[in-house]
Amino acid sequence: MRKIVIALSVLMALTSCVSKKKYADLEAKNKETQDLLNSTTVKLNTCLEEKAGLAATAASYKEHNQDLINSSKDLTVLTTKGAENLEKSLESLKEKDLKISRLQDALTKKDSVTLALVTSLKGAVGINDPDIEINVEKGVVFISIADKLLFKSGSYDVTDKAKSVLAKVAKVVNDKPDFECMVEGHTDNVPYKSNGILLDNWDLSVKRSTSIVRVLTNDLGVNPAKLIAAGRSSYIPLVPNDTAENKGKNRRTRIVVMPKIDQFYDMIEKEMKKQQQ
């Protein structure tokens, strides 16, 4: 019996020892598992945070990508509009270049036309004198004759030399039945001393004009209905009246020839054909 009791006691002691060891092992494993769980939890939380961050980044990238897509579409629209505007601008520039080219051609033609007409008139008048100028402005021909070729100083009596010059002018007018002529008298700014007949430069300029008209009609056979007498006094000078030479230039008679437009271009055409031969 005692042996049994001792045996049971030893068995119980052994059992008790084994249980404590297993318990210790279990506790160690439990702690290890707990540590692993804690570590895994931390990693999981870290992964979850990283996932959330990556999701936010992905969303941001997605939004940015959509913005880029939208911007690309807008840029495509703007590029298309820009190309259209550029094309319109180029067309506008081409039109302007064409207009400029036409204007340049017109100016060149105008210069040629003016030269042709002046040459024609000078040829018809047969005058080559620095005191006689012929020019054209807007379809009107101006023949300016210095007074020293027409009158003596302070006089309105036409000289014999002037009559030979006026005879050539009369020929031009008589050859064109529909031409009209305005004879303008011009003086310098030196006040005219009244002689009881003429009061001032107005009277002198008009009187010189009517003297030229009388020579053209009475002596040279120009139709009086085609002539206009006018006096401009000293108020339209060619140059300042500050020297004796300039005053001489301002004392002049200007004959304004006003052809009808068809005759004007007929003269031009004939003269240009002559130049081309």
Side-chain angles (χ1 to χ4, degrees), residues 114 117-118 121-122 124-174 176 178-259 264:
T114 299
L117 183 56
V118 170
L121 283 172
K122 283 186 175 180
V125 176
I127 297 173
N128 185 16
D129 193 310
D131 291 318
I132 300 175
E133 294 183 359
I134 300 177
N135 55 68
V136 181
E137 295 178 14
K138 297 180 180 179
V140 178
V141 181
F142 299 93
I143 304 173
S144 184
I145 306 172
D147 272 9
K148 65 182 180 180
L149 296 180
L150 302 175
F151 309 100
K152 293 181 180 179
S153 178
S155 171
Y156 51 85
D157 292 327
V158 180
T159 64
D160 292 335
K161 182 179 179 181
K163 291 180 180 179
S164 63
V165 173
L166 292 175
K168 296 176 180 179
V169 175
K171 183 178 183 302
V172 173
V173 179
N174 287 332
K176 303 295 181 182
D178 292 327
F179 276 24
E180 288 188 345
C181 288
M182 180 166 64
V183 181
E184 292 181 348
H186 295 262
T187 69
D188 58 25
N189 66 342
V190 177
Y192 182 80
K193 294 180 181 180
S194 175
N195 59 4
I197 299 175
L198 303 181
L199 300 180
D200 51 25
N201 281 331
W202 278 112
D203 281 353
L204 179 60
S205 65
V206 172
K207 190 64 177 174
R208 284 182 168 178
S209 174
T210 55
S211 294
I212 296 295
V213 166
R214 287 191 179 94
V215 171
L216 290 173
T217 56
N218 297 339
D219 299 342
L220 302 173
V222 176
N223 183 357
K226 297 171 61 176
L227 299 176
I228 304 168
R232 308 302 296 267
S233 187
S234 61
Y235 297 105
I236 308 180
L238 294 174
V239 291
N241 285 291
D242 51 6
T243 65
E245 182 181 358
N246 282 356
K247 289 177 182 179
K249 291 180 180 179
N250 291 329
R251 294 191 301 270
R252 67 199 188 280
T253 296
R254 187 169 73 163
I255 299 175
V256 184
V257 182
M258 297 172 285
F264 181 77

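This structure is a prediction, so every number in the text was calculated from the model and none was measured. What's counted below: heavy atoms across the whole structure, side chains too, no hydrogens, waters or symmetry copies.
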Within this structure, what is the CZ-CD1 distance for the pair Arg254 and Ile236, rounded to the nearest 0.5 Å? 6.5 Å

Any side-chain heavy-atom pair of His186 and Asn250 under 4.5 Å: no

As a quick check of understanding, evaluate side chain to side chain contact (heavy atoms under 4.5 Å, CB included) for Ile145 and Ile212, giving each step before the final call. CA-CA 11 Å; Ile145 306 172; Ile212 296 295; over 6 Å; no

ring-ring contact (aromatic ring centres under 6.0 Å, His included): which pairs involve residues 141-165, sequence neighbours left out? none

Would you please name every residue forming a side-chain hydrogen bond (donor to acceptor under 3.5 Å, both in side chains) with Asp242, sequence neighbours left out? Asn246

Output, in order, the C-alpha distance, side-chain angles, deciding distance and verdict of side chain to side chain contact (heavy atoms under 4.5 Å, CB included) for Lys152 and Asp157. CA-CA 7 Å; Lys152 293 181 180 179; Asp157 292 327; over 6 Å; no

List the residues meeting side chain to side chain contact (heavy atoms under 4.5 Å, CB included) with Ala170, not counting sequence neighbours, and say none if there are none. Asn174, Leu216, Leu220, Val222

The side chain to side chain contact (heavy atoms under 4.5 Å, CB included) partner of Cys181 among Val256, Ile228, Leu227 is Leu227

Sorted by chain and residue number, the side-chain hydrogen bond (donor to acceptor under 3.5 Å, both in side chains) partners of Thr253 (sequence neighbours excluded) come out as Asp147

Go through the structure and list residues passing side chain to side chain contact (heavy atoms under 4.5 Å, CB included) with Thr210, not counting sequence neighbours. Val206, Lys207, Arg214, Ala229

Determine which pairs satisfy side chain to side chain donor-acceptor pair (under 3.5 Å) with at least one residue from residues 222-239, sequence neighbours left out, and list them in order. Glu184-Arg232

Which atom names give the shortest non-hydrogen contact between Ser205 and Gly231, and what distance separates them? OG-CA, 3.4 Å

For Lys148, which residues count as a salt bridge (Lys or Arg N to Asp or Glu O under 4.0 Å) partner, sequence neighbours excluded? Asp131

With no hydrogens and no angle check, is any side-chain donor or acceptor of Ser209 less than 3.5 Å from a backbone partner on Val183? yes

Only counting residues at least two apart or in another chain, list the ones meeting side-chain hydrogen bond (donor to acceptor under 3.5 Å, both in side chains) with Asn189. none

For Asp203, give me all partners under salt bridge (Lys or Arg N to Asp or Glu O under 4.0 Å), at least two apart in sequence or on another chain. none

Under the rule for salt bridge (Lys or Arg N to Asp or Glu O under 4.0 Å), what residues qualify as partners of Arg251, not counting sequence neighbours? Asp188

Which pairs with one or both residues in residues 190-202 pass side chain to side chain donor-acceptor pair (under 3.5 Å), sequence neighbours excluded? Tyr192-Asn195

